[in-house]
Amino acid sequence: MTEFLQQLINGLAFGSILALIALGYTMVYGILRFINFAHGDVFMLGAFSGFYLAPKIAALLPLPSIAGGIAVLLASMAICAALGVVIERFAYRPLRHRPKLTMLITAIGVSLFLEYTGQFVFGAAPKSFPQILPVYPLARLGGLSLNSNQLIVFGVTLGLLLALRFIVLNTKIGTAMRAVSFNPEAAALMGVNTDIVISFTFALGSALAAAAGILWAVNYPAIDPLMGILPGLKAFVAAVLGGIGNLPGAALGGIIIGVTETLVSGYISSTYRDAIAFGVLILILLVKPSGLLGKKEIEKV
Amino acid sequence: MLQIKNLEVTYGAIGALHGISLSVAAGSIVTLIGSNGAGKTTTLKTISGLLKPKAGAIGYEGKPIAGLPPHEIVKRGLSHVPEGRMIFANLTVRENLEMGAYLLRDQKIVRHELDFVFATFPRLKEREKQIAGTLSGGEQQMLAIGRALMSRPKFLMLDEPSLGLAPLLVKTIFERIVEINRERGLTILLVEQNANRALEISHSGYVLETGKITLHGDSASLRQNPRVQSAYLGG
Ligand SMILES: Nc1ncnc2c1ncn2[C@@H]1O[C@H](COP(=O)(O)OP(=O)(O)OP(=O)(O)O)[C@@H](O)[C@H]1O
Ligand SMILES: [Mg+2]
């Protein structure tokens, strides 16, 4: 039982990180109907932003500390938000009226570009991520261990999910995002500058990926330029599982994939852990291609 | 208020508008009639910036607007109720209306416009919180018109507002259009298949046939025109 709870906690932490990445895939898909395959690399760049920012922030705030850790998190999110906007502006926007396949191939190109530029600039060898947060062991109940880092993963994820929910449901730009995702032409007729809404969506998704990168690095402190590939693919599967384009679906999908992968590798075999997400993908595509929370779009004409 | 000169629009290699010219005087209702595929929707979409013209000029309040992006055109006071309504089916009625007021900064004005729309279409008020995709076709049309009014336009374009509506509702919608024109001094360009009613409420009209204007004049005389009668008035 303790063993199971432990696996569950680990799975939830991993799943929370996947959920944050999955949201970026699903938001961009919702607006542009395209999978931004470079999104996993933005997650990687989030971790590296934190790596290079930490010493700078340490000059201003004590590190490790809660305040310092939050500063690293927010600064990395801001850097990646800007990066997401730049990627969209220069790589994807010129292709917006081309066939979707052109954009997909470009996204793969951007992904490879970021990975290899990362290897060139940061070096290919894994780097150890500095400790930015103080770690407290919180519970040791008969072998169950929950530390403050995992709690921070849950707290930050929950906070970001609530913030995102607020932006999307209760702000003007969020309503515009939903309108553009339903019908960009009609949104333009309302006076919405769709370019700005698209940039904003990339900024939001990339900031969440950066947060995921920091949370990941805090828990698994070895980072390298290819670290975004697998979590990126798994988060993509999570977004499809939840119903691509659906925000709560992406969060739910992330949690399900994270927990399933952790439980299977804990109880059955860890050899196949990376294959689990793809097994799930095949299963959904066969059983419910629109995903768990995805619905066929209703449209009355 | 609006002048179009020799407007040409193509879809790829296929021409849809072959140099049309028309003008709409401030405060008037002008109707554009024509059969399926004549280019009526293309004309409205080009005015509102959804399509870029290949040649020709569009002047609005004396300034050229051809080729501007749609959001710039809305800013100048033009509002377009598109064919097929294009309401945001995933948003509530209220959110749809708020989207219509997207460019208004002053919340007091937004509330005032909202009251006006609810007074014009009380049905929308009753269904304020409902997801717009679940409205009936008629309610969706009211919402599409209401949403277009939320931006406080000076110039309103309506693309077949009567399409698919029961006769009684068509009557209501047309009455509202006339009311808005009179009370708010809103200039209206109305595209209709329902030529009879459109010519009844409009001041002047244009007949569009395969991308060319073939007739125009004041609505009363168009209704008497034998060609219009046989082609569009069913007799
Ligand atoms: N996206 C498009 N791509 C190619 N051709 C188009 C496109 N939209 C319209 N057309 C063509 O342009 C011509 C004019 O179409 P338009 O929609 O303007 O007609 P309409 O007068 O509004 O017709 P209706 O009364 O049926 O709505 C038609 O021949 C149509 O097939
Ligand atoms: Mg049409």
Side-chain angles (χ1 to χ4, degrees), chain A residues 26-27 29-33 89 93-94 96-99 165-201 243-250 290-291 293-301, chain B residues 44-45 47-52 68-92 94-105 107 110 131-141 143-144 147-148 150-153 157 159 163-164:
Chain A
T26 226
M27 274 194 278
Y29 183 86
I31 297 253
L32 291 180
R33 301 288 185 273
R89 175 67 189 81
R93 190 175 301 176
R96 207 178 289 156
H97 301 288
R98 300 287 181 78
R165 188 188 140 84
F166 177 80
I167 291 173
V168 171
L169 292 182
N170 301 317
T171 67
K172 201 164 175 172
I173 184 95
T175 311
M177 280 170 72
R178 286 181 288 144
V180 171
S181 111
F182 189 77
N183 187 334
E185 276 201 343
L189 289 180
M190 305 298 109
V192 175
N193 183 339
T194 44
D195 284 341
I196 289 179
V197 172
I198 291 168
S199 293
F200 183 76
T201 306
I244 188 99
N246 182 299
L247 296 182
S290 58
L293 303 186
K295 33 187 180 279
K296 296 259 169 290
E297 281 179 356
I298 37 161
E299 194 170 4
K300 263 192 195 164
V301 185
Chain B
L44 295 197
K45 279 185 158 185
I47 298 172
S48 61
L50 290 175
L51 295 173
K52 306 273 170 266
L68 291 178
H71 60 94
E72 287 294 336
I73 290 178
V74 183
K75 229 179 250 170
R76 288 164 167 72
L78 281 91
S79 195
H80 178 179
V81 182
E83 184 172 32
R85 297 151 199 159
M86 291 198 198
I87 55 148
F88 302 113
N90 57 334
L91 306 188
T92 64
R94 172 72 178 247
E95 285 172 334
N96 267 274
L97 294 172
E98 283 167 357
M99 280 307 296
Y102 189 76
L103 292 175
L104 300 184
R105 301 246 167 266
Q107 286 309 306
V110 175
I131 296 291
T134 63
L135 294 176
S136 76
E139 289 161 350
Q140 291 193 10
Q141 188 58 263
L143 180 58
R147 186 181 64 173
M150 288 296 295
S151 65
R152 301 193 114 188
M157 298 187 283
D159 197 341
L163 194 72

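Just so we're on the same page: letters track the sequence lines, and every chain starts at 1. Since the model is a prediction, treat every value here as computed from it, not as a measurement.
Taking every heavy atom of both residues into account, F88(B) and F182(A) meet most closely at CA-CD2, 3.9 Å. Taking every heavy atom of both residues into account, R105(B) and K172(A) meet most closely at NH1-NZ, 4.3 Å. Between L189(A) and S48(B), the shortest heavy-atom contact is CD2-OG, 3.6 Å. Residues Y102(B) and A176(A) come closest through the heavy atom pair CE1-CB, 3.7 Å. Taking all atoms of both residues into account, the shortest heavy-atom contact from N183(A) to M86(B) is ND2-SD, 3.4 Å.
Listed options M99(B), E83(B), K45(B) were ranked by heavy-atom pairs under 4.5 angstrom with chain A; first place goes to M99(B).
Taking A101(B) as the reference, L104(B), V110(B), M150(B) meet the side chain to side chain contact (heavy atoms under 4.5 Å, CB included) condition, with sequence neighbours excluded. Applying the salt bridge (Lys or Arg N to Asp or Glu O under 4.0 Å) rule to R94(B) yields the partners E98(B), E128(B); only residues at least two apart in sequence or on another chain are considered.
For the atom pair CG (L51(B)) and CD (E185(A)), the distance works out to 7.5 Å, reported to the nearest 0.5 Å.
Interface with chain A: from residues 68-76 of chain B, residues P70(B), H71(B), V74(B) qualify, criterion being any non-hydrogen pair under 4.5 Å. Residues from residues 193-200 of chain A that place a non-hydrogen atom less than 4.5 Å from a non-hydrogen atom of chain B comprise N193(A), given in numerical order.
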